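Here's the structure, in structure tokens; my notes come after.
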Amino acid sequence: MNYRHAFHAGNHADVLKHVVLLFCLDALKRKETPFGVLDTHAGGGRYDLFSAEAMRSPEWQHGIGELWDWPDAPPAVARLKRAILADNADGALRHYPGSPLLIANALREGDALEACELHPEEYAALRQTVGRRPGVHLHARDGFEALTALLPPKQRRGLVLIDPPYEKPDEVFKTAQVLGPALQRFGHGVYLWWRPLKNDSELRRADAEVRASGADKLLRADLWVDAPAPAGRLHGSSMLVINPPFGLDATLRQALPVIAAKLSRGAAGFRITTP
């Protein structure tokens, strides 16, 4: 449990993940009935982009930093910027809200967030960030275990965000395996699974495993900002969405080409498929 998201907060992977997350949260809010969200690997919730950790390798400068002063940004990016601006009252980009804070800010009365985090320091930060919010429940527990223990939500509809640290070589396949039982318990939920874009054949096998588990509505969105390097920095990431809300495909097809162009460091691109 050595992964600390502060080193990567606001990078291109966060941009992709949070564009998708916010669209799906807004889609859930189209109905008045309450919804629940499970964030399996929540992190600390808020990140100071000028902290020592973030400035050690300031990935955000080539992520959200490139999009911050974009006056004609597509709607999905404008939505992300509004959500980040809510945590930067003076309009300057200083803090980046993590997924649990973005979710907590989107909750209405009756909606709920179950956020899991095992890292002691990250959990302590999470408590400070969202621990007193109405409808927010924190768990210092394994997020994979929570996929069965905390599903389905009592609201009977909602979203599951899965973003493991990928510290172990089998974490992609492990996630694909645990999604099967989760889908049996909460088959109509919206699932967002973030993965590093390093081994595409491994991701294709994982996608096939998810489909074999009973998921028949899948959307995969990949974004990369440079050509892959054998031992280099993360160049891209992938979001697998199970039960994607109406309009997500069209929104990403509009947003991702221009995001890729903005964030390009040499060989950027995107791909949207239905595996």
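Worth saying up front: this structure is predicted, and the values here are computed from it rather than measured.
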Using modelled atom types only, decide if a donor and an acceptor are shared between the side chain of Asp14 and the backbone of Gly10 within a distance under 3.5 Å.
yes
Phe144 ring center near His41 ring center (under 6.0 Å):
yes
Just checking Tyr96 against His18, ring centres under 6.0 Å apart?
yes
Donor-acceptor check, side chain of Asn88 to backbone of Ile84, threshold 3.5 angstrom: yes or no?
yes
Output for pair (Cys24 SG, Leu192 CG), nearest 0.5 Å, gives 4.5 Å
Polar side chain donor-acceptor pair, Ser238 to Asp222, under 3.5 angstrom:
yes
Identify whether Phe173 and Leu183 are in the same connected component of the hydrophobic contact network (ILVMFWY, side-chain heavy atoms under 4.5 Å).
no
For Arg157 and Thr33, which I'm curious about, is there any donor-acceptor pair between the side chains at under 3.5 Å?
yes
Salt-bridge present (Asp216, Arg211; N to O < 4.0 Å)
no
Flag, side chain of Ser213 to backbone of Glu209, donor-acceptor distance under 3.5 Å
yes
How long is the span from the CZ atom in Arg141 to the CD atom in Glu117, to the nearest 0.5 Å?
13.5 Å
Main chain of Ala250, side chain of Gln254: is a donor-acceptor contact present, judged purely on distance under 3.5 Å?
no
Within the distance-only criterion (no hydrogens, no angle test), does the side chain of Arg220 pair as donor or acceptor with the backbone N or O of Thr274 below 3.5 angstrom?
no
Using distance alone, with no hydrogens and no angle criterion, decide if Asp249 and Thr251 have a side-chain donor and acceptor under 3.5 Å apart.
no
With no hydrogens and no angle check, is any side-chain donor or acceptor of Arg46 less than 3.5 Å from a backbone partner on Leu101?
no
So Trp70 and Lys81, side-chain contact (heavy atoms from CB on, under 4.5 Å) or not? Walk me through it.
CA-CA 10 Å; Trp70 188 2; Lys81 290 172 60 179; 4.2 Å; yes
For side-chain contact (heavy atoms from CB on, under 4.5 Å), just list the numbers for Leu161 and Leu38, CA-CA rounded to whole Å, side-chain angles, deciding distance to a tenth of an Å, and then say yes or no.
CA-CA 6 Å; Leu161 176 63; Leu38 171 60; over 6 Å; no
Carefully, step by step, assess Ile272 and Arg253 under the rule side-chain contact (heavy atoms from CB on, under 4.5 Å).
CA-CA 7 Å; Ile272 299 173; Arg253 290 185 186 280; 3.4 Å; yes
Under a 4.0 Å threshold between the charged nitrogen and the carboxylate oxygen, would Asp207 count as salt-bridged to Arg204?
no
